[in-house]
J.: 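This is the structure, below, for whatever I ask next.
Heavy atoms only: backbone and side chains are in, while hydrogens, waters and symmetry mates are out. The first residue of the sequence shown is numbered 1, and numbering continues consecutively from there.
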Amino acid sequence: MVDKRLAYQETFDCVQCGYCLPACPTYQTMNKETHSPRGRINLVKMAAEGKISYDDLKEPIDMCLGCRACETACPTNVQYGSILESAKEVLRIETKRSKREQFIESALFEKLLPHSSMLAIAKFGLLSYQRLPLQFAARKTGILNVVLPKGMAAFESIIPKAERSKEKKAYEEDALPGTVKVAYFLGCLMDTMFSTINDQAIQLLRKAGVHVTVVKDQSCCGALQSHGGDLKTARQLAKKNIEAFESGSFDYIVSSIGGCGAMLVEYDHLLKDEPAWKERAERFSKKHADISMVLAQSNLTYNHHVHHTAVYQPSCHMTHVQKNVDAPLELIAKVPGLNYVPMDKQDLCCGSAGIYNIVNYEASMDILDYKMPAVVSAKPDLIITTNPGCHLQMKMGVEREGMSHQIQVKHLVEVIAESCL
């Protein structure tokens, strides 16, 4: 009896050709067939057929970043994302999770991310921690290494300074006849830890003649829940967002977050089996556009030179799921004074992958260390990112290379804002 909860039929599209192997970061760093896309696909097939246990499947699936680079490389259009998604959901039901996994999932997925009130408390806590003597005391005593998982403790030193968010409103007074109308998606962690980037994104859209609305009652996109196999919660969040963004008529739903954007464009896939939501999800997904796509088509005026030698770290999910490759590079090329240098391994995942760098810290650092020599050899003084997870991971890479005083890490929005605002 085949386990139909797994995407069994989809596994037959894989012809085991191996084109995915050079694109897979875990295969490159671990050099094990079970940690390659084709190896994982074969394991999912065998698990569905009852030839191996779910416990045998767990480690290879857990160690997958879900970067989806294998889909771009695949000549037979294997839907690896669907296969991985089904495996994660089944494993969440059928196997035991460690106390660390349970803690992180409960704290982040259920109690924090879906609730704006809890995010506001978390932001206030972060502000207080950074501005009072608490941060100094925590670092001096080393207590963070005791109370936090290793990954969380390591990233504490590179978390950006939290800022109070500016009031975000619809800006109705700026609307002009024929103006493009967009609804801006804030993102839960983005607006908690990188709120100034959201503020700058809204200012850039306004300057480009776009009418911006920040929709009330929007929520977490559900990406981290989906990556953790909790599709039930992910679907609930998707429905909440669809309802919220149906409150107005918009040309685009815009975000500045590669990972969240990938989730938003796949709401139609997430809700494909629910007749009451299928068409609504399809309309929502078709309207999403990364901010780089909107700004690249605008007539922004670049007033200031930005004197940096820069490399670009693409978001895997923006590249392989949103299929947005050219727009960020078009914007980078427009910035006066910016010397853009293509780098080797540019499309290789940095190892962030949601909370992968927390739950699989050592594996994540191996992937990061595999990538960083290509970054350093380009001799940049700036790394441009398009996703908060990649942003923090690249800051960690710079820190590990001992180059934090030589190389800055900035979101694309920050670089464009430096030239245009």
Side-chain angles (χ1 to χ4, degrees), residues 6-49 51-52 56-91 223 226-229 258-259 262-263 265-266 269 313-325 342-354 356-357 359-360 363-374 387 389-390 393:
L6 293 167
Y8 179 66
Q9 290 301 321
E10 286 85 343
T11 65
F12 287 94
D13 292 330
C14 178
V15 297
Q16 299 287 301
C17 67
Y19 275 84
C20 58
L21 300 183
C24 178
T26 53
Y27 182 76
Q28 292 300 313
T29 55
M30 299 177 188
N31 200 28
K32 294 172 66 175
E33 182 67 20
T34 54
H35 291 70
S36 72
R38 71 178 183 183
R40 293 183 176 107
I41 290 170
N42 192 46
L43 290 173
V44 170
K45 181 188 292 184
M46 293 172 69
E49 295 170 345
K51 294 178 180 177
I52 63 171
D56 294 327
L57 182 62
K58 181 171 171 44
E59 198 226 352
I61 293 298
D62 283 351
M63 297 306 290
C64 177
L65 293 118
C67 68
R68 310 271 290 270
C70 52
E71 290 187 0
T72 300
C74 181
T76 59
N77 196 33
V78 174
Q79 299 303 297
Y80 182 81
S82 297
I83 297 169
L84 178 66
E85 179 185 78
S86 70
K88 283 184 173 289
E89 185 175 30
V90 169
L91 287 173
S226 176
H227 297 333
M263 188 67 192
V265 302
E266 290 201 323
H269 163 76
Q313 170 58 36
S315 157
C316 291
H317 285 107
M318 193 160 76
T319 298
H320 304 299
V321 182
Q322 294 191 56
K323 307 298 183 185
N324 177 21
V325 176
M343 65 176 175
D344 292 337
K345 300 178 183 175
Q346 178 166 292
D347 293 324
L348 183 75
C349 182
C350 64
S352 172
Y356 187 96
N357 52 8
V359 297
N360 295 307
S364 171
M365 292 302 104
D366 287 343
I367 293 163
L368 180 60
D369 291 344
Y370 180 70
K371 184 180 184 78
M372 284 307 296
N387 186 64
C390 302
Q393 187 79 343

J.: Are L65 and I367 side-chain neighbours, meaning at least one heavy-atom pair lies under 4.5 Å?
T.: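 A side-chain contact under 4.5 Å exists here.
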J.: Going by the side chain to side chain contact (heavy atoms under 4.5 Å, CB included) test, name the single residue among C316, C349, C350 that passes it with C390.
T.: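 Of the listed options, the one satisfying the test is C350.
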J.: Checking V325 against K323 for the side chain to side chain contact (heavy atoms under 4.5 Å, CB included) test, could you report, in this order, the C-alpha distance in whole Å, the side-chain angles of both residues, the deciding distance, and whether it holds?
T.: CA-CA 6 Å; V325 176; K323 307 298 183 185; over 6 Å; no
J.: Give a yes or no on whether the backbone of Y370 and the side-chain of K345 come within a donor-acceptor separation of less than 3.5 Å.
T.: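 It does hold such a pair.
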J.: Check the pair D344 / Q346 against side-chain hydrogen bond (donor to acceptor under 3.5 Å, both in side chains), numbers first and verdict last.
T.: CA-CA 5 Å; D344 292 337; Q346 178 166 292; over 6 Å; no
J.: Flag the pair I61 / V44 as yes when at least one side-chain heavy-atom distance between them is below 4.5 Å, and no otherwise.
T.: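 They are in contact (side-chain heavy atoms under 4.5 Å apart), so the answer is yes.
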J.: Can you tell if the side chain of R40 reaches within under 4.5 Å of the side chain of M63, non-hydrogen atoms only?
T.: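 R40 reaches M63 side chain to side chain.
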J.: To the nearest 0.5 Å, what is the distance between SG (C17) and CZ (R38)?
T.: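 C17 SG to R38 CZ: 8.0 Å, rounded to 0.5 Å.
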J.: Please round to the nearest 0.5 Å and tell me the distance separating atom CE of M318 and atom CG of N324.
T.: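 If I round to the nearest 0.5 Å, the distance is 4.5 Å.
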J.: Tell me if the OH atom of Y19 is crowded by more than 12 foreign heavy atoms within 6.0 Å.
T.: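 At most 12 heavy atoms, drawn from other residues, nucleotides or ligands, come within 6.0 Å of this atom.
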J.: Look only at the side chain of H227 and the backbone of K88, and say whether a donor-acceptor pair between them is shorter than 3.5 Å.
T.: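 Side chain of H227 to backbone of K88, a donor-acceptor pair under 3.5 Å: no, none is there.
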J.: Working to the nearest 0.5 Å, report the span between CG of D13 and CD of Q79.
T.: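 Answer rounded to 0.5 Å: 7.5 Å.
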J.: Between T29 and D369, does a side chain to side chain contact (heavy atoms under 4.5 Å, CB included) hold up when you go through it step by step?
T.: CA-CA 10 Å; T29 55; D369 291 344; over 6 Å; no
J.: Considering all heavy atoms of both residues, which atom of Y356 and which atom of T26 are nearest to each other, and what is their separation?
T.: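 Y356 and T26 have their closest heavy atoms at OH-CG2, 3.9 Å.
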J.: So, for H320 and T72, which heavy atoms are closest and what is the spacing to 0.1 Å?
T.: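 Taking every non-hydrogen atom into account, ND1-OG1, 2.6 Å.
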J.: Given side chains that start at C-beta, do those of L43 and T34 come closer than 4.5 Å, heavy atoms only?
T.: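 A side-chain contact under 4.5 Å exists here.
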J.: Do any N or O atoms from the side chain of E71 and from the backbone of G81 form a donor-acceptor pair under 3.5 angstrom?
T.: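 Yes; at least one donor-acceptor contact below 3.5 Å.
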J.: Could you tell me which non-hydrogen atom of G354 sits nearest to which non-hydrogen atom of N357, and how far apart they are?
T.: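 The pair with the smallest heavy-atom distance is O-OD1, 3.8 Å.
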J.: When you compare the side chain of V321 with that of E266, does any pair of heavy atoms fall below 4.5 Å?
T.: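 With C-beta onward as the side chain, the pair touches.
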J.: Backbone N or O of A7 within a donor-acceptor pair of the Q9 side chain at under 3.5 Å?
T.: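 Absent.
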J.: Taking S226's backbone N and O only, do any of them form a donor-acceptor pair with E85's side chain (distance below 3.5 Å, no angle check)?
T.: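 Such a contact is absent between E85 side chain and S226 backbone.
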J.: Give the minimum heavy-atom separation between P25 and A23, together with the two atoms involved.
T.: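 Between these two residues, the closest heavy atoms are CD-O, 3.3 Å.
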J.: Which pair of heavy atoms, one from M343 and one from A374, lies closest together, and at what distance?
T.: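 Nearest pair, atom of M343 first, then A374: CB-O, 4.0 Å.
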J.: Hey, is the main chain of V265 close enough, under 3.5 Å, to the side chain of Q322 for a donor-acceptor pair?
T.: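 A pair under 3.5 Å: no.
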J.: Are the side chains of H269 and S82 in contact, using a 4.5 Å heavy-atom criterion?
T.: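 They are in contact (side-chain heavy atoms under 4.5 Å apart), so the answer is yes.
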J.: Of all heavy-atom pairs between P22 and Q28, which one has the smallest distance, and what is that distance?
T.: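 Between these two residues, the closest heavy atoms are CA-NE2, 3.3 Å.
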J.: Flag the pair T11 / N42 as yes when at least one side-chain heavy-atom distance between them is below 4.5 Å, and no otherwise.
T.: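 A side-chain contact under 4.5 Å is absent here.
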J.: Is D347 close to P314 at the side-chain level, that is, under 4.5 Å between some pair of heavy atoms?
T.: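 They are in side-chain contact.
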J.: To the nearest 0.5 Å, what is the distance between CG (L84) and SG (C70)?
T.: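 Result: 8.5 Å between the selected atoms.
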J.: Spell out, as yes or no, whether a donor-acceptor pair under 3.5 Å connects the side chain of N360 to the backbone of D62.
T.: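 The answer is yes, because a donor-acceptor pair under 3.5 Å joins these two groups.
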J.: How many angstroms lie between CD in Q393 and CD in Q313, if you round to the nearest 0.5 Å?
T.: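 Result: 9.0 Å between the selected atoms.
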J.: Run the salt bridge (Lys or Arg N to Asp or Glu O under 4.0 Å) test against K45 and tell me which residues pass, sequence neighbours left out.
T.: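 K45 satisfies salt bridge (Lys or Arg N to Asp or Glu O under 4.0 Å) with no residue once adjacent residues are dropped.
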